[in-house]
A.B. asks: 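This is the structure, below, for whatever I ask next.
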Amino acid sequence: MNILALGAHPDDIEYGCGGTLLTAVANKHKVYLGVMTDGSATTNTNRIAEQEKAAALMGASDIFWGGFQDTHLEQNRALITSIEGMLKKASPDIVFVNAPNDAHQDHQALASSAITACRYIGRVLFYHDYTSIDFLPDTYTDIGTTLKGKCKLLACHKSQVSKKYPTGLDILESVNALAAYYGFMAKVRYAEAFKPLRYLMSIT
Ligand SMILES: [Zn+2]
């Protein structure tokens, strides 16, 4: 199976579905990453290098860059066309992407453009990023064996994990808390959570 994970910025994918992608790679599925901006708006750090390090550690088959300017993503033809190009290269059975209801304009723009671009994809799932709003998942993956690996992927994004939210909470702490909460909801120890745009079930 081929999986394409899309993110507006470096680290969105790892935060939202890094544990799931590690499980997929361990099970010999092909994982492709599509990152739309270089995340350069708030830092001088080379976040492309951080993202490429995380992709290599994950075992991703390839990483595609949208080349759009951080904080300037818009739902428009250029973004939709860029996503369509990534879909063509990855030929995915499943697409993971930021959720549309989100405080960050780039996440909103990517999610709504992906809804259009993925109109022929049978499995499209929104993930929980740290600025998601009213995220009410109903689909989960067990990340009991990959949560530690997920934290290592995020640690590749040094410029981000060294930051703290205004409340004092740091990113890795929030990742572990969410994994425990979603694990509780999913009846496993640790989980990642998704809201499908649609999910084509396979009965085998
Ligand atoms: Zn982001």
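Values in this document were obtained by computation on a predicted structure and should not be read as measured data. For reference, positions follow the sequence shown, starting with 1. Atoms within each ligand, like the ligands themselves, are counted from 1 in listed order.
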A.B. asks: Do the side chains of Lys150 and Glu192 get close enough for a salt bridge, i.e. N-O under 4.0 angstrom?
C.D. replies: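 Looking at Glu192 together with Lys150, the answer is yes, because their closest N to O distance falls below 4.0 Å.
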A.B. asks: Report yes if some heavy atom in the side chain of Glu14 is under 4.5 Å from a heavy atom in the side chain of Glu50; otherwise report no.
C.D. replies: no
A.B. asks: With 2.8 Å as the limit, count the protein N, O or S atoms near the Zn ion (ligand 1).
C.D. replies: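 The number of such protein atoms is 4.
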A.B. asks: Can we say Arg47 and Asp38 salt-bridge, meaning some charged N sits less than 4.0 Å from an Asp/Glu carboxylate O?
C.D. replies: no
A.B. asks: Please list, chain by chain and in numerical order, all residues satisfying side-chain hydrogen bond (donor to acceptor under 3.5 Å, both in side chains) with Ser113, sequence neighbours excluded.
C.D. replies: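 With neighbours one apart ignored, the set is empty.
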A.B. asks: Quick one: salt bridge (charged side-chain N to carboxylate O under 4.0 Å, His left out) pairs with a partner in residues 103-122, sequence neighbours left out?
C.D. replies: Glu84-Arg119
A.B. asks: Name all residues meeting the side-chain hydrogen bond (donor to acceptor under 3.5 Å, both in side chains) criterion together with Lys195; count only those two or more places apart in sequence or in a different chain, and write none if there are none.
C.D. replies: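 Once residues adjacent in sequence are excluded, the partners of Lys195 under the side-chain hydrogen bond (donor to acceptor under 3.5 Å, both in side chains) criterion are Asp138.
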